[in-house]
Amino acid sequence: MLADRAAAWTALAAEHHVHITMTGPPAGKVQAVPGALEQIVDNLVSNALRIAPPASTITLHREPATAADGTPYVQLHVIDQGPGMTAADRARAFDRFWRAPGTTHHDGTGLGLPIVQQLTHAGGGRITLNPAPGGGLDATVFLRPAASAATPNLPAQHRLPRRSRAGIRTR
């Protein structure tokens, strides 16, 4: 799926003089709502391409990982070389209709990242935004492998709140 999405975006990226590359070993199948993973990647790549300067690279990196308790999970990174975001902006980025200051000249509604977050959560995953090494943004999606129904024992900042059957947060 990741290779297909990278190929789908390559022509548009080339028009913007931006290169798309994919790194990391195959990570296997993950738990996700049907069609959600494609939409997650498309939204993240679209955002990265919107702010990527000419002659830069957008990297799609996949990485199988293991939590401290031995529970496997998969990380998917979409890394750009754009201006990045301040900590305050990253904290607000998942708010509906919020757009980073200075982005008024770019298309967008401020719904892409909230949609990505909702789709990621629906599959039992989590997304974070972090500064990329050397500048830019690293959007990291943490996903459960398809074979595992257990929630990975991720660091607290990456865990989803547990919910009872009634949908009430239990943590």
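Quick note: numbers below take in every heavy atom, side chains included, and nothing from hydrogens, waters or symmetry partners.
- Atom NE2 in His61 sits 9.5 Å away from atom CG in Leu76 (nearest 0.5 Å).
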Could you walk me through whether Leu113 and Leu44 pass the side chain to side chain contact (heavy atoms under 4.5 Å, CB included) check?
CA-CA 8 Å; Leu113 286 175; Leu44 294 175; 3.7 Å; yes

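- In this view, Thr57 and His19, Thr21, Thr59, Gln81 satisfy the side chain to side chain contact (heavy atoms under 4.5 Å, CB included) rule, not counting sequence neighbours.
- There is a path of hydrophobic side-chain contacts, each under 4.5 Å, that joins Met22 to Val30.
- Nearest heavy-atom pair across Met85 and Arg90 is O-NH1, 2.7 Å.
- Without hydrogens or angle criteria, Arg126 side chain to Val141 main chain gives no donor-acceptor distance under 3.5 Å.
- The two atoms that bring Ile58 and Val45 nearest to each other are CD1-O, 4.3 Å, heavy atoms only.
- Proximity of a side-chain donor or acceptor of Asn43 to a complementary backbone N or O of Gln39 within less than 3.5 Å is detected.
- There is no path of hydrophobic side-chain contacts, each under 4.5 Å, that joins Val33 to Ile115.
- Residues passing the salt bridge (charged side-chain N to carboxylate O under 4.0 Å, His left out) test with Arg5 are Asp42, sequence neighbours excluded.
- A donor-acceptor pair under 3.5 Å is absent between the side-chain atoms of Arg62 and the main chain of Ala27, judged by distance alone.
- In this structure, Pro53 and His17 have side chains that are not in contact, with every pair of non-hydrogen atoms separated by 4.5 Å or more.
- Thr120 places a side-chain N or O within donor-acceptor distance of the main-chain N or O of Val116, the cut-off being under 3.5 Å.
- Side-chain contact between Val18 and Pro54 is absent, with no heavy-atom pair separated by less than 4.5 Å.
- Here the closest heavy-atom approach between residue Thr10 and residue Ile20 is recorded as N-CD1, 4.2 Å.
- The side chain to side chain contact (heavy atoms under 4.5 Å, CB included) check on Gln75 picks up Glu63, Ala65, Tyr73, His77, Thr140, Phe142, with sequence neighbours excluded.
- One side chain, Ser46 or Arg50, offers a donor N or O that lies under 3.5 Å from an acceptor on the other.
- Criterion: ILVMFWY side-chain heavy atoms under 4.5 Å apart, direct or through other members. Under it, Leu49 and Ile40 are part of a common hydrophobic cluster.
- Interatomic distance, CG of Leu129 versus CG of Asp89, reported as 10.5 Å (0.5 Å rounding).
- Note that the CG atom of Asp138 and the CG atom of Asn130 stand 6.0 Å from one another [nearest 0.5 Å].
- Side-chain N or O atoms of Asp80 include one that pairs as donor or acceptor with a backbone N or O of Leu137 at under 3.5 Å.
- Separation of atoms OG1 (Thr128) and CD (Gln117) is listed at 11.0 Å; rounding is to 0.5 Å.
- Considering all non-hydrogen atoms of both residues, Pro25 and Pro64 come closest at CG-CD, 3.8 Å.
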